[in-house]
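Here the structure is laid out as structure tokens; the discussion comes afterwards.
Bear in mind the structure is a predicted one, so any value in this text is a computation, not a measurement.
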Amino acid sequence: QVQLVESGGGLVQAGGSLRLSCAASGRTFRQYSMGWFRQAPGKEREFVAAIMWTGGSTYYADSAKGRFTISRVNAKNTVYLQMNSLKPEDTAVYYCAAEPGYMGYSDYGDPNEYDYWGQGTQVTVSS
């Protein structure tokens, strides 16, 4: 099993940046593919970005491409989401998620395919 704790959320003005971190417990972190999702009030949880356990493949929602970067440092058991050029529509609770092994094209964007979730961190972007 793995436990996930997100941090780094906060209030930022439009155009600003934040870096979210997700710290994972356990010695097998490097064997997990990791995803970032977000959920705004009244909306479904939506995919933001994912990085495979190999670290070599990353995937982004269209809304995140060119602005967000997902990365991982296995030695620190941590995955990051660097968010630049933030917009008010990025306001949401951001969650990290973990799933053992590699995830296929139809899986990494589906929250139902992840077994482990953090508690979330609030990101608020003011206009």
Side-chain angles (χ1 to χ4, degrees):
Q1 282 196 351
V2 63
Q3 293 182 324
L4 307 172
V5 179
E6 302 97 332
S7 61
L11 174 63
V12 64
Q13 288 188 333
S17 299
L18 283 174
R19 188 176 80 157
L20 305 184
S21 300
C22 174
S25 65
R27 295 181 294 175
T28 59
F29 171 74
R30 63 180 64 249
Q31 299 176 5
Y32 285 79
S33 293
M34 303 296 295
W36 283 99
F37 290 78
R38 67 187 183 187
Q39 189 165 18
K43 295 187 177 182
E44 293 186 351
R45 192 167 297 189
E46 65 174 3
F47 169 72
V48 177
I51 185 166
M52 296 302 100
W53 70 275
T54 59
S57 298
T58 57
Y59 305 96
Y60 297 92
D62 288 343
S63 59
K65 287 178 182 177
R67 300 188 301 128
F68 295 2
T69 302
I70 188 171
S71 61
R72 65 190 298 162
V73 178
N74 288 337
K76 295 185 177 181
N77 278 19
T78 302
V79 62
Y80 302 97
L81 185 68
Q82 177 67 45
M83 305 188 294
N84 299 327
S85 302
L86 283 162
K87 305 174 182 179
E89 51 263 44
D90 295 317
T91 295
V93 178
Y94 284 69
Y95 300 89
C96 74
E99 177 66 15
Y102 187 84
M103 302 183 79
Y105 180 79
S106 63
D107 296 334
Y108 61 76
D110 183 351
N112 295 315
E113 294 295 329
Y114 291 82
D115 286 340
Y116 304 100
W117 290 85
Q119 83 290 348
T121 185
Q122 176 70 46
V123 171
T124 302
V125 184
S126 63
S127 58

Please report the interatomic distance CD(E46) to CD(Q39), rounded to the nearest 0.5 Å. 9.5 Å
From CD (E113) to OG (S33), nearest 0.5 Å: 11.5 Å
Going by side-chain hydrogen bond (donor to acceptor under 3.5 Å, both in side chains), name the residues that satisfy it together with N74, two or more places apart in sequence or in a different chain. R72
Heavy-atom nearest pair, L4 first then M34, reads CD2-CE, 3.9 Å
Closest heavy-atom pair, V73 versus F29, reported as atoms and distance to 0.1 Å, is O-CE2, 4.2 Å
Please report the interatomic distance OG1(T69) to CD(Q82), rounded to the nearest 0.5 Å. 7.0 Å
Quick one: closest heavy-atom pair of P100 and Y32, and the distance? N-CD2, 3.5 Å
What residues, two or more places apart in sequence or in another chain, satisfy side-chain hydrogen bond (donor to acceptor under 3.5 Å, both in side chains) together with S85? none
I would like to know whether K87 and D90 meet salt bridge (charged side-chain N to carboxylate O under 4.0 Å, His left out); could you show each step before the answer? CA-CA 5 Å; K87 305 174 182 179; D90 295 317; over 6 Å; no
Distance-minimising heavy-atom pair for M103 and E99: SD-CB, 3.8 Å
Return yes if some donor-acceptor pair links the side-chain N/O of T91 with the main-chain N/O of V125 below 3.5 Å, else return no. yes
Nearest non-hydrogen partners of Y114 and A97, listed with the distance: CD2-CB, 3.5 Å
Distance-only donor-acceptor hits, side chain of residues 5-20, under 3.5 Å, sequence neighbours excluded:
residue, atom, partner, partner atom, Å
E6, OE1, Q119, N, 3.0
E6, OE1, G120, N, 2.9
E6, OE2, C96, N, 2.8
E6, OE2, G120, N, 3.3
S17, OG, N84, OD1, 2.9

Here's a test for you: under ring-ring contact (aromatic ring centres under 6.0 Å, His included), which of F37, W36, Y95 qualifies with F47? F37
If hydrophobic clusters are built by linking Ile, Leu, Val, Met, Phe, Trp and Tyr wherever their side-chain heavy atoms come under 4.5 Å apart, do V48 and Y108 end up in the same one? no
Contacts of type side-chain hydrogen bond (donor to acceptor under 3.5 Å, both in side chains), residue Q122, not counting sequence neighbours: T124
Any link between W117 and Y80 through a network of hydrophobic side chains (Ile, Leu, Val, Met, Phe, Trp, Tyr) touching at under 4.5 Å? no
Scan residues 47-61 for pairs that pass side chain to side chain donor-acceptor pair (under 3.5 Å), counting only residues two or more places apart or in two chains. Y59-Y102
Heavy atoms, side chains only, cut-off 4.5 Å: are S63 and R38 in contact? yes
Going hydrophobic residue to hydrophobic residue with side-chain gaps under 4.5 angstrom, can you get from V79 over to V123? yes
Residues passing the side chain to side chain contact (heavy atoms under 4.5 Å, CB included) test with Q3, sequence neighbours excluded, are S25
With a 4.5 Å cut-off on side-chain heavy-atom distances among I, L, V, M, F, W and Y, is there a chain of contacts connecting V2 to Y94? yes
